[in-house]
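Counting starts at 1 for both ligands and their atoms, following the listed order.
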Amino acid sequence: MRLKARFAGPLQGRARPPGDKSISHRALIMGALAEGETRIESLLEGDDVRHTAEAARLFGAKVERRDDGIWVVNGVGGFNQPTETVDCGNSGTGARLLIGAAASYKLSARFDGDQSLRKRPMNRVIAPLSQMGARFDGKQNCLPLIVHGGALKGITYRSPISSAQVKSAVLLAGLNAEGATTVIEPERSRDHTERMLKVFGADFDYVEIDGALHPRVRRSKLTGVPIYVPGDPSSAAFPVAAAFDRREIGSAGGGRAREPAAAWVLRDAARDGRQHHLRGAPRSDWRTNRQFGCESFEAAWRDTAARRAPAMIDEFPILAAVAAFADGETRITGAAELRVKESDRITLMVDGLRACGVDAEELPDGLVVNGRGPKSVRGGAEIRTVGDHRIAMSFLVLGLGSKEPVTVDNADMIATSFPGFSAFMQSLGADIAKL
Ligand code: S3P
């Protein structure tokens, strides 16, 4: 399905973004590993998470959808041999976390995914899990692959990349390994797994190594718990970025290791942001009446780029789109991981920005956008998305502010992370239409 976005005046309203994708995957996986009932409220009902729900069933858990966003998982205290291939769809998070969780059980599980997921690197989890004792069959470290699980030994893993997916795969495997399992990453990635392991009752703490604290888990039994899933800050970033005037966007997850993207997209929003805790999960309410991209946020960005990049990796496509409306240059570095997401997001953002009349340039680990200033982006292009949901949403938001409409060639994959995106944006006054 092609979608076209055009300027139709300022958006207005109040809305809650869909549930956090990271927390939704983890609630289902940990619920399946646990004994007893995990009742999940506000689960993201996107395609990625639905694949993980199906996987949880294949590994032996009872998974029921009771109502909109209300799911109940009854785990049996571990993973059983699946009877079919575990299809992770488009989801790198689902695949890598499930592979980690499965690796410590006596089973052989075949994992597969769609064309995009089949191209994404799995060696990043195969390497540490092999060190722990798991065995893998497959070609070139990509899906499809078979994991042969069994008795694992805990390790201290120094990950070469800052990745929550890698950290989580290793910690989930460590739940059923001999001894302690610790993960050291160069910069801190999102910490949902750590927070949730504690909530599910795991033997989990932080250990100081080389002057910093790193997550450590020991063999533990998890117990089912109620989980409330907050809104997804990576999804909230799109409507927040599309706000030209006064906007109010419900609540979304936050916390130290999950930078409120909107605070970066509209950096002054942070001033109005209030943080509070709801049932153990940090949340932020964001509101802004600032002008869209009216200033360059380069200086603030430059100070902290590499340190912040892993925690807000999913927000760079929309950040680059917003940068087109800023005055002056925005230089994003320290984000090489963007090349191995659902698409090579650096190349696709640069190509799309250029097609919309914005001067942009690739860097090995990021991009440079020469902002044209507010109200000065031409648009008027059809964008190649390669089926990447965040590329599609970013250019639709760009089209809401550009002089000429912007079309995306395929918007179907938006449903992986933000089901109902068009209707959500329309409810705030956006002009987004099917072609
Ligand atoms: C996620 C981690 C991120 C992110 C993905 C969700 C997670 O990937 O891109 O959308 O839930 O663990 P990495 O931290 O592995 O780069």
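A side chain to side chain donor-acceptor pair (under 3.5 Å) with Trp71 holds for exactly one of Glu41, Glu45, Glu64; it is Glu45.
Between Ala324 and Leu353, the shortest heavy-atom contact is CB-CD2, 4.0 Å.
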> Can Leu3 and Met425 be said to form a side-chain contact (heavy atoms from CB on, under 4.5 Å), step by step?
Replying inline: CA-CA 13 Å; Leu3 286 181; Met425 298 298 282; over 6 Å; no
> What's the verdict on salt bridge (charged side-chain N to carboxylate O under 4.0 Å, His left out) for Arg120 and Glu342, showing C-alpha distance, side-chain angles and the deciding distance?
Replying inline: CA-CA 8 Å; Arg120 296 180 64 186; Glu342 286 81 330; 3.7 Å; yes
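To the nearest 0.5 angstrom, Ile126 atom CD1 is 10.0 Å from Arg96 atom CZ.
Protein residues are said to neighbour a ligand when one of their heavy atoms lies under 4.0 Å from it; for ligand 1 these are Lys21, Ser22, Arg26, Thr93, Ser163, Ala164, Gln165, Arg190, Ile313, Asp314, Lys341.
In this structure, Phe418 has its ring center closer than 6.0 angstrom to the ring center of Phe424.
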